[in-house]
Amino acid sequence: MELNENADIDTSQVEDQRGSGGGGGGFGGLPIPIGGGGIVGLIITVVLLVVGGYFGVNQLSGGGGSGDNTNIQQECADKNTAKTKLDCRNVLYINSIQAFWKQAEPQYFGKQYQPAKTVLFSNRVSTGCGAADSGTGPFYCPADDRVYIDLTFYQLLAQQLGAPGEFAQPYVLAHEYGHHIQDLVGTEAKMRRAQQSASSEAEQNLLSVKLELQADCYAGVWANHATETKTSSGQPIFKSITDQDIQQGLDTAKQIGDDTLQQRSGQQINPAEFTHGTSADRQKWFKAGFDSGDPVKACDTFAAGAVKEGD
Ligand SMILES: [Zn+2]
């Protein structure tokens, strides 16, 4: 993967809350009602089960500090050094993902794309879905339409979960923006309603798996089109994305499959508790999205028989 050195980085798509409101006190273990699995099992890509109204979106602006983009703006404006910096590169990935969906959502879903900011935080953060800490892993909050990430998560991915490849980063972000698309087109709300009328926890979890695998598929769809994406001034964002990058995306999907995470944390593999899908299926759906590039044709994880319990 090579970024275009001439691409401007649009930091207005993120909100830098690092160093604000976190208190620096480490991980406070604030409970988030996600259910199922050990802590490692919750590590990535959760859509918080509590949607809207719980914490109150209105409280948000007063809650976690509104962020200060002065530093990141300056840092990422320097073309000579910006692309060597983790946070600036991540902003550029976000720019690419949103540029893709801005064009693709009307094309495939007949709806206008609404931009969503990513909040960069350290340690802990207040969100429209409640308080969260770094241990939650990156997530999307439908109540305030934002992606939240503590960038130290990538160290955890590399050092503890065996996914050190750089492409893990845009894969994670594209997965979270996949949830934003599900929110915008109504899939997320539909799935929550189905969960409420589900007769068992296993059935609820299976619905969650379908939502998550679809987000993986959407990440693959973005990867298919990533080299076509441009900055607002028309510069290509990527010079190239290689087979090796896609392999790194697949490796990441493998390392964060429910069965692999359960095994890693010393638990029995229990399909009824899967909320994100097995390693095999996470890879399969990412690949399906990548191979096709069409989110409607490739990513219908809710179709009858597309995903079964244990997947
Ligand atoms: Zn997810």
Side-chain angles (χ1 to χ4, degrees), residues 32-37 39-51 93-94 97 101 116 118-119 127-130 132 134-150 153-154 156-157 161 163 168-192 194-195 204-223 249-250 252-262 273-290 295 299-302 306-307 311:
I32 292 172
I34 300 164
I39 184 78
V40 187
L42 308 177
I43 247 159
I44 205 175
T45 64
V46 290
V47 174
L48 300 184
L49 287 178
V50 176
V51 180
Y93 301 148
I94 291 162
I97 294 160
W101 285 113
T118 290
V119 176
T127 85
C129 297
S134 302
T136 312
F139 62 93
Y140 173 72
C141 171
D144 62 18
D145 301 311
R146 285 163 187 219
V147 172
Y148 290 86
I149 187 166
D150 181 330
F153 175 71
Y154 297 134
L156 183 88
L157 259 187
L161 297 181
Q169 300 176 19
Y171 161 71
V172 164
L173 293 167
H175 173 99
E176 298 308 339
Y177 275 92
H179 286 312
H180 178 53
I181 294 300
Q182 293 172 323
D183 186 15
L184 291 175
V185 304
T187 314
E188 206 268 344
K190 216 164 117 183
M191 176 275 193
R192 297 293 167 207
Q195 267 189 333
Q204 288 177 344
N205 287 342
L206 180 57
L207 286 160
S208 167
V209 167
K210 292 177 182 182
L211 193 78
E212 295 297 335
L213 292 176
Q214 186 174 67
D216 282 336
C217 187
Y218 287 172
V221 167
W222 163 78
L250 288 165
T252 308
K254 181 181 169 194
Q255 298 299 350
I256 57 177
D258 286 323
D259 51 344
T260 301
L261 288 173
Q262 284 181 353
E273 287 181 1
F274 290 172
T275 54
H276 288 70
T278 59
S279 293
D281 264 330
R282 297 201 69 161
Q283 295 184 88
K284 174 182 147 185
W285 286 96
F286 174 79
K287 180 108 178 11
F290 176 72
C299 302
D300 191 2
T301 55
F302 290 91
V307 176
D311 279 357

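Numbers for residues simply follow the sequence, beginning at 1. Both ligands and their constituent atoms are indexed starting at 1 by order of listing.
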Any idea which N/O/S atom from [X] gets closest to the Zn ion (ligand 1)?
{"X": "His175", "answer": "NE2"}
{"X": "His179", "answer": "NE2"}
{"X": "Glu212", "answer": "OE1"}

Any Phe274 side-chain heavy atom under 4.5 Å of Asn205 side chain: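 Phe274 does not reach Asn205 side chain to side chain.
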Any side-chain heavy-atom pair of Tyr148 and Pro138 under 4.5 Å: no
Tyr171 and Phe286 aromatic centres sub-6.0 Å: yes
Atom NZ of Lys210 with >12 non-hydrogen neighbours under 6.0 angstrom: yes
